[in-house]
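Beneath this line is the structure, given in structure tokens, with notes to follow.
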Amino acid sequence: MRPIMVLCIAAAASTALLAQSITIGLGGDITAFDPHYHNVGPNNAATSHVFERLVAMDERQRLTPGLALSWKAIDDLNWEFKLRRGVKWHDGSEFTAEDALFSFDRVPKVPNSPSSFSTYVRPIKSAKATDPYTLLLTTEKPHPLLPNDLSTVSIVSKKAASGAATEDFNSGKAAIGTGPYKFVRFAKGDRVELARNDAWWGGKTPWEKATLRILTNDPARVAALLAGDVQAIENVPTADMSRVKSDKNLSVARVGSNRLIYLHLDSNRDVSPFVTDKQGKPLANNPLKDPRVRKAISLALNRDAIVSRVMESEAVAAGQPLPDGYPGTSKNLKPDKFDAAQAKKLLSEAGYPDGFGITIHAPNNRYVNDEQIAQAVAQMLTRAGIATKVDAMPSSVYFTRATKLDFSLMLLGWSAGSGEMSDSLRPLLGTFDAKKGWGNANRGRYSNGKFDAMLDDALVTINDAKREALLARATEIAMADQGIVPLHFQMNTWATRKNLTYTPRTDEYTLAWMFKPVAK
């Protein structure tokens, strides 16, 4: 056989192989493959390839049937979920209501969770299977958002996951799902390897193999796309957006996100670990407990400058936990305008005319431009009289420490998985209560009884319009008190080779089966 013919055959074989597989560069680290361990976007998106939820969401976070074909409220306290028949776990066993009951029970029991999913199952007082494909869920109080809550909770196999630890999911031993892909390998800090589940109830996906490569370094992620080492990437770096858009071999997909980038402040402890006087000596009293100081911090920040310069206009300034138009948002809340004079005045009124010192802690590989945002915030606060240092670290270290309440001022992000306001208010601003499931991500331990009562009222209000009005009012209370300091909402972006398309999602999820080859 002549060399040229050998080369042609090899090239054709290589093209066929590539057509059957996809490799995607991820911008966020995956801390575990246990879908109940850590409520964080990269984990949730990655595990969604293998595990499914009773209620699914489309690309605009509208509820759609998942493992449950339908659901309805029988009365104020009881819900009936009808499950899909004929769904098989990846080991060939049958999916039934018992798997869902096991999953609901497991969620709050996962040890050492940095951010638990228990918020979403705590409203369930009792759960039972009336037959193998029907669930009856009873809530302690009326809870009209139960379907939204369950759109965030993955269903795992009772057979495979009984007694399983998070490490058993990471190794694949317990990673038996019903989803479009089967688990092959999870190499922490490197990649997830998946194989198509040809028996998936949703039909065959375009790719026999899918690899999710963890490329948190922005230049490396873009370089991998340009070199063809990956066929798609998420979180296109803002500094490279113009270059990527102008490349004739690439396509860009983008959509406004509900990913809020914000500051959480230690507003609970009398003494905070990284708050000092201007000479660096610990302060006996924590100034962050004073709402005037928290408001001063918000007013000292020039959000427009952060959006235009740090984010290169790939973001929108924020004044509340969700963008305008989402259920429960307030029309009365706008981003605080930069006002250095008023910030200094409030600091003086609070007893800090000369300011104080503080350290802002941030991840350096989780959110778009996270360390650069922290640096910009530090400079702005320093100008207002709060001498601010920056300590940025990998997200795997950062979230562990933040969960232990190691920090005083934190840069964080939050995306409302259920697509409505309570999914931000309960975890971020609700008074920490493990039994109730509130405050799982309240790393500043903010607490406001008036806010809690308003949120409680909203959650039991069945009328949608009335509930959304109560959620909006609760949001206004928390924002007036500056329970958190909203900065901006990210844009969600993906870049692909020209022969692929991707429908952008407001929830940021990067899902291999949603990348489609362009028809020729």
Side-chain angles (χ1 to χ4, degrees), residues 21-24 26 28-54 56 66-67 84 87-96 98-118 120-121 150-202 204-205 207-214 396 417 509-514:
S21 64
I22 188 170
T23 303
I24 305 161
L26 303 184
D29 192 19
I30 299 168
T31 61
F33 212 79
D34 180 344
H36 298 156
Y37 172 70
H38 189 181
N39 185 13
V40 65
N43 289 22
N44 296 343
T47 57
S48 291
H49 291 78
V50 173
F51 302 99
E52 298 179 283
R53 296 127 187 217
L54 294 185
L67 288 175
R84 275 182 204 277
V87 174
K88 300 290 186 182
W89 292 100
H90 295 158
D91 62 5
S93 57
E94 188 175 4
F95 159 71
T96 70
E98 291 299 321
D99 298 302
L101 296 177
F102 170 80
S103 300
F104 299 156
D105 182 65
R106 181 179 187 268
V107 164
K109 298 177 180 178
V110 176
N112 304 315
S113 171
S115 180
S116 174
F117 289 84
S118 61
Y120 309 111
V121 298
L150 295 186
S151 72
T152 69
V153 178
S154 293
I155 305 302
V156 299
S157 164
K158 180 179 180 179
K159 175 184 174 184
S162 291
T166 292
E167 185 50 46
D168 293 316
F169 285 86
N170 293 344
S171 69
K173 180 181 177 182
I176 306 297
T178 59
Y181 285 91
K182 297 179 180 180
F183 178 98
V184 175
R185 183 169 75 101
F186 170 43
K188 207 165 188 178
D190 181 34
R191 68 188 62 208
V192 174
E193 295 176 358
L194 304 162
R196 186 170 66 194
N197 174 21
D198 288 340
W200 184 43
W201 60 265
K204 284 188 179 182
T205 66
W207 316 106
E208 289 184 7
K209 296 179 181 179
T211 301
L212 311 177
R213 284 187 58 191
I214 300 169
S396 57
Y509 282 18
T510 297
L511 304 174
W513 72 94
M514 298 303 293

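A pairwise comparison of heavy atoms in S48 and P180 identifies O-CD, 4.3 Å as the closest pair. Listed here is the closest heavy atom pair of V156 and P35: CG1-CG, 3.7 Å. Across all non-hydrogen atoms, the minimal contact from F117 to H36 is CD1-O, 3.7 Å.
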Test side-chain contact (heavy atoms from CB on, under 4.5 Å) on H90 and N197; report intermediate values, then the result. CA-CA 7 Å; H90 295 158; N197 174 21; 3.5 Å; yes

Apply side-chain contact (heavy atoms from CB on, under 4.5 Å) to residues Y37 and V110 and explain how you reach the verdict. CA-CA 6 Å; Y37 172 70; V110 176; 4.0 Å; yes

Apply the test side-chain contact (heavy atoms from CB on, under 4.5 Å) to residues I30 and K188: give CA-CA distance (whole Å), side-chain angles for both, the deciding distance (0.1 Å), then the verdict. CA-CA 7 Å; I30 299 168; K188 207 165 188 178; over 6 Å; no

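Checking F95, F102, F51 one by one against I155, the side-chain contact (heavy atoms from CB on, under 4.5 Å) holds for a single residue, F95.
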Solution key, residues 159-166 side-chain donor-acceptor pairs under 3.5 Å, sequence neighbours excluded:
unit_1 : atom_1 : unit_2 : atom_2 : d
S162   : OG     : K158   : O      : 2.4
T166   : OG1    : D34    : OD2    : 2.8

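Judged by distance alone, the side chains of H38 and S115 never bring a donor and an acceptor atom under 3.5 Å apart. Looking only at atom types and distance, the side chain of T211 has no donor-acceptor partner in the side chain of E193 under 3.5 Å away.
In this structure a side-chain-to-backbone donor-acceptor pair under 3.5 Å is present from R84 to G66.
Rounding to the nearest 0.5 Å places CZ of R185 at 11.5 Å from CG of L194. Atom-to-atom distance recorded for D168:CG and F33:CZ is 14.0 Å, nearest 0.5 angstrom.
Dense packing is recorded around NZ of K88, with more than 12 heavy atoms of other residues, nucleotides or ligands lying under 6.0 Å away.
Ring geometry for H49 against W513 counts as perpendicular: the plane angle is over 60°, on a 0 to 90° scale with 30° as the lower cut.
The cationic atom of R196 (NZ for Lys, CZ for Arg) does not lie both less than 6.0 Å from the six-membered ring centre of W207 and within 45° of the ring axis.
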